[in-house]
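A short worksheet on the structure shown next.
So that the names make sense, note that chain A is the first sequence line, chain B the second, and so on, each numbered from 1.
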Number of protein chains: 4
Amino acid sequence: MPDRVPATTDYQAAIIEAAAGLFARQGYRGTSMRDIGAAIGIHAGSLYVHIESKEDLLHQIVNSIMLQSEQDMAEVLAQGGTPIGQLHEIALRDLRLIGENRERATVFFHEWRNLSPQRQEVVIASRDRWEDGLRSVLRRGIELGEFRAVDVRITGIALTSMLNWAYVWYSPGGELSVEQLADQYADLLVAGLRPR
Amino acid sequence: MPDRVPATTDYQAAIIEAAAGLFARQGYRGTSMRDIGAAIGIHAGSLYVHIESKEDLLHQIVNSIMLQSEQDMAEVLAQGGTPIGQLHEIALRDLRLIGENRERATVFFHEWRNLSPQRQEVVIASRDRWEDGLRSVLRRGIELGEFRAVDVRITGIALTSMLNWAYVWYSPGGELSVEQLADQYADLLVAGLRPR
Amino acid sequence: MPDRVPATTDYQAAIIEAAAGLFARQGYRGTSMRDIGAAIGIHAGSLYVHIESKEDLLHQIVNSIMLQSEQDMAEVLAQGGTPIGQLHEIALRDLRLIGENRERATVFFHEWRNLSPQRQEVVIASRDRWEDGLRSVLRRGIELGEFRAVDVRITGIALTSMLNWAYVWYSPGGELSVEQLADQYADLLVAGLRPR
Amino acid sequence: MPDRVPATTDYQAAIIEAAAGLFARQGYRGTSMRDIGAAIGIHAGSLYVHIESKEDLLHQIVNSIMLQSEQDMAEVLAQGGTPIGQLHEIALRDLRLIGENRERATVFFHEWRNLSPQRQEVVIASRDRWEDGLRSVLRRGIELGEFRAVDVRITGIALTSMLNWAYVWYSPGGELSVEQLADQYADLLVAGLRPR
DNA sequence: TATGAATGAGTGTTCATTCAT
DNA sequence: TATGAATGAACACTCATTCAT
């Protein structure tokens with residue numbers, strides 16, 4: 001029976017998961033390597049058998065969120081459809097990413113400044129590209145007459161704010177599914193509060 | 001004897017201001033008392049002539065934002081007017097508070113968990129009251145027919161997200177005044193993206 | 001594979017011993033963790049691999065004297081015999097304990113107030129029990145007619161003073177053995193200075 | 001009206017008294033200049049208007065006990081009388097000195113090692129002279145036949161122990177006067193526990 | 001005479017990381 | 001692969017003392 005998947009536990013992944021939880025709750029600097037070791041049952045020093053450094057742990061957490069959100073945006077833009085539909089899909093994917101990875105998302109938004117300057121730049125560039133993507137959808141919506149001629153920059157920030165802030169409060173396990181929340185947000189953004 | 005310079009510098013205030021900047025940029029735990037001392041030109045130990053503790057510094061920063069936002073909400077609710085007008089006023093005041101105190105606001109949103117448990121509870125209670133106030137405005141707007149019968153909880157969170165996220169990006173010194181931003185946010189929320 | 005050196009040094013014990021010497025000579029507060037580290041050749045921070053805290057070090061020193069003196073008294077009371085014999089045995093054991101652990105005894109008498117309030121209470125209670133034991137022997141001696149009807153409290157304190165003060169001056173390595181000193185003290189106490 | 005005694009309160013004395021209490025309770029190193037200042041109602045820095053240094057405070061406290069005990073011994077030796085009478089007088093004066101100055105006595109016995117090496121030597125020399133005096137009385141008592149031919153050194157230490165230990169427990173304000181205690185100690189030492 | 005501010009050294013303790021075993 | 005021990009720098013905070021006012 002060849003081709004077995006490596007039988008050993010993937011410690012790397014377990015460590016990163018433990019670190020994400022601790023970083024989210026206590027902050028990057030408020031979490032010691034001992035805390036992380038204790039969370040998976042080994043000594044602090046033993047962590048270094050599996051990982052490079054504390055900052056590397058942070059990097060992997062931040063990176064995982066960053067890469068997924070980049071890929072989501074790229075796919076939404078690639079698949080076309082109406083701007084309203086794309087807006088809805090962007091909201092859905094972003095809320096799902098944040099909702100299903102709330103600890104990592106919290107670390108992403110709060111702790112990225114603890115990365116090295118070079119890595120911080122990469123994060124900033126990625127965020128910029130994501131927002132560019134969002135604005136391109138808004139612009140196309142205006143061109144096609146689906147949206148009013150709003151200020152694209154501010155409207156983009158408004159939607160970004162609504163989506164990103166989800167890390168503060170949203171848990172998808174509860175009564176409100178990701179789809180329902182995406183529906184409501186998209187509806188609110190498109191239709192506003194005005195009665196018909 | 002004209003032209004007297006005020007004999008006493010208010011060191012307390014200067015220290016808090018320096019701390020706010022450093023906490024915002026480097027985080028609470030990433031900022032040492034030495035950093036703060038260096039920022040105002042005295043030794044770390046000398047800070048304690050003027051302040052109680054590092055945590056007290058954080059508390060004063062967090063408290064100043066908390067108290068002002070509570071007062072703003074109370075005044076808006078007290079002065080009445082149409083729900084749309086109140087929503088606009090809430091946005092205006094919150095954006096002004098955050099925009100004019102971006103460092104403190106950043107510390108408020110990122111670092112309050114470094115306060116003692118009791119102080120954290122006070123912050124949470126204050127945020128809850130603020131959101132209650134916002135929801136009461138939304139509810140009244142629906143009752144009066146100014147707004148559609150949206151989900152008050154989600155709509156409240158959406159607006160809160162838009163306003164709070166301003167600490168991440170908004171500087172009132174630039175081309176976009178607080179009034180303009182509040183106008184745009186209120187308009188977007190009320191009218192949505194739908195073309196007329 | 002003969003001649004193996006014991007693989008592990010008991011650092012805990014070495015640190016406590018070094019601390020006892022330093023606390024006795026310089027006082028608890030006059031001794032820094034750096035002093036203790038230097039005494040055994042490691043950095044101050046490295047001490048914490050082996051110990052809990054500075055106060056814990058003090059506690060262990062104080063406790064060792066306290067527990068032994070409690071056990072000694074209990075054994076003397078349990079083994080019975082004449083009151084004079086018991087008095088002699090109490091003196092012998094106390095002088096041996098103090099003489100053979102002069103540094104720890106010095107720390108016990110001088111530094112116990114640096115323990116936490118709860119631990120101080122335990123020490124006080126232990127001393128009280130020891131003195132109760134001594135008084136019970138004196139009382140029995142009077143009842144049996146071995147001793148005059150002296151004031152038991154004052155006489156107990158007198159003997160306690162003679163024994164405890166040994167930490168100030170007595171080294172059993174010299175010309176005066178513990179047995180000799182106990183003999184002399186017991187004889188002096190029982191017979192007094194009066195010529196026969 | 002010249003030659004007035006200085007009207008100002010003698011701050012020196014008040015500071016020393018406050019320091020003695022604090023040193024006795026918290027130890028020399030456990031007492032800050034701020035503690036001492038607070039005890040008499042001025043700021044720490046202001047103490048230096050009246051005193052030289054913290055060590056000087058300690059020195060004055062230790063010195064006051066040392067000088068009085070030296071003078072007491074000198075007077076007892078000078079006034080002659082029977083050895084038993086002298087022993088009684090030594091006990092009386094030493095118990096009075098310690099009992100009426102318990103805080104200072106505590107500081108004397110516990111904190112003298114915090115003095116400079118030179119000052120420590122002076123203290124040691126003084127104690128040695130005092131003990132020499134005591135031994136000379138014992139020797140004369142033996143020569144005159146008032147005492148058995150006991151070991152003068154050990155007997156001297158025994159009496160010294162009984163007297164000095166008084167700082168630990170004796171308060172002359174209670175039911176036991178200095179005279180009564182001196183009587184009991186002298187009787188115990190001379191007559192012993194043996195029934196007549 | 002007293003203050004408030006400052007100093008600079010020092011406190012006990014924690015930390016990320018290394019390394020021989 | 002994991003451990004226990006160690007490092008050396010850093011941490012928040014306190015201290016005795018000085019000094020301009």
Check your understanding: Among pairs that include at least one residue of residues 26-47 of chain D, which meet salt bridge (charged side-chain N to carboxylate O under 4.0 Å, His left out), considering only residues two or more places apart or in two chains?
Key -> none

Exercise for review: Give the rounded distance in Å between these two atoms: CD1 of C:Ile51 and P of F:dA6.
Suggested key: 12 Å

Check your understanding: When Watson-Crick pairs (N1 to N3 and N6-O4 or O6-N4) and G-U wobble pairs (N1-O2 and O6-N3) count only below 3.5 Å on both distances, what is the dot-bracket string of DNA chain F, with | for other-strand pairs?
Key -> .||||||||||||||||||||

Practice item. Provide the full list of ring pair (Phe, Tyr, Trp, His ring centres under 6.0 Å) pairs with a residue in residues 13-53 of chain D, sequence neighbours left out, each pair given once. Key: D:Tyr11-D:His50, D:Phe23-D:Tyr28

**Study point:** With B:Gln68 via side-chain hydrogen bond (donor to acceptor under 3.5 Å, both in side chains) - residues at least two apart
**Key:** B:Asp72

Point to revise | Interatomic distance where OH belongs to A:Tyr48 and P belongs to F:dA6 [whole Å] | key: 19 Å

Revision key, fill the gap. When rounded to whole Å, the CG to P distance for the pair B:Asn114 and F:dC11 reads 15 Å

Practice item. Check the distance between F:dT14's C1' and D:Asp35's CG and give it to me in whole angstrom. Key: 11 Å

Review point. Whole Å only: how far is the CD1 atom of A:Ile36 from the P atom of E:dA16?
Key: 7 Å

Review point. What pairs with D:Arg119 under salt bridge (charged side-chain N to carboxylate O under 4.0 Å, His left out), at least two apart in sequence or on another chain?
Key: D:Glu55, D:Asp56

Check your understanding: Could you give the CD-to-C1' distance, from C:Glu55 to E:dT13, as a whole number of Å?
Key -> 14 Å

Table of protein N/O atoms under 3.5 Å from nucleotides 1-4 of chain F N/O atoms:
| from | atom 1 | to | atom 2 | distance (Å) |
| --- | --- | --- | --- | --- |
| F:dA2 | OP1 | A:Tyr11 | OH | 3.3 |
| F:dA2 | OP2 | A:His50 | NE2 | 2.5 |
| F:dT3 | OP2 | A:His43 | N | 3.0 |
| F:dT3 | OP2 | A:Ser46 | OG | 2.9 |
| F:dG4 | OP2 | A:His43 | ND1 | 2.9 |
| F:dG4 | OP2 | A:His43 | NE2 | 2.8 |

**Study point:** Which residues share a side-chain hydrogen bond (donor to acceptor under 3.5 Å, both in side chains) with C:Ser126, sequence neighbours left out
**Key:** C:Glu70

Review point. Strictly by modelled atom types, are D:Asn63 and D:Gln60 linked by a side-chain donor-acceptor pair under 3.5 Å?
Key: no

Exercise for review: Ignoring hydrogens and angles, answer whether the base of E:dG12 and the side-chain atoms of C:Arg34 contain a donor-acceptor pair closer than 3.5 Å.
Suggested key: yes

Check your understanding: With sequence neighbours left out, which residue pairs that include part of residues 13-23 of chain A fulfil the salt bridge (charged side-chain N to carboxylate O under 4.0 Å, His left out) condition?
Key -> A:Glu17-A:Arg104

Review point. Of all residues at least two apart in sequence or in a different chain, which pass the salt bridge (charged side-chain N to carboxylate O under 4.0 Å, His left out) check with C:Glu52?
Key: none

Review point. In residues 22-33 of chain A, which ones come under 4.0 Å of DNA chain E, going by heavy atoms?
Key: A:Thr31, A:Ser32, A:Met33

Check your understanding: Can we call the ring centroids of B:Tyr167 and B:His110 under 6.0 Å apart?
Key -> yes

Review point. Rounded to whole angstroms, how far apart are CD on A:Glu52 and C1' on E:dT18?
Key: 14 Å

**Study point:** Those residues that, when tested against A:Asn101, pass side-chain hydrogen bond (donor to acceptor under 3.5 Å, both in side chains) (two or more places apart)
**Key:** none

Exercise for review: Mind checking salt bridge (charged side-chain N to carboxylate O under 4.0 Å, His left out) for D:Glu121 and listing every partner two or more places apart, or none if nothing turns up?
Suggested key: none

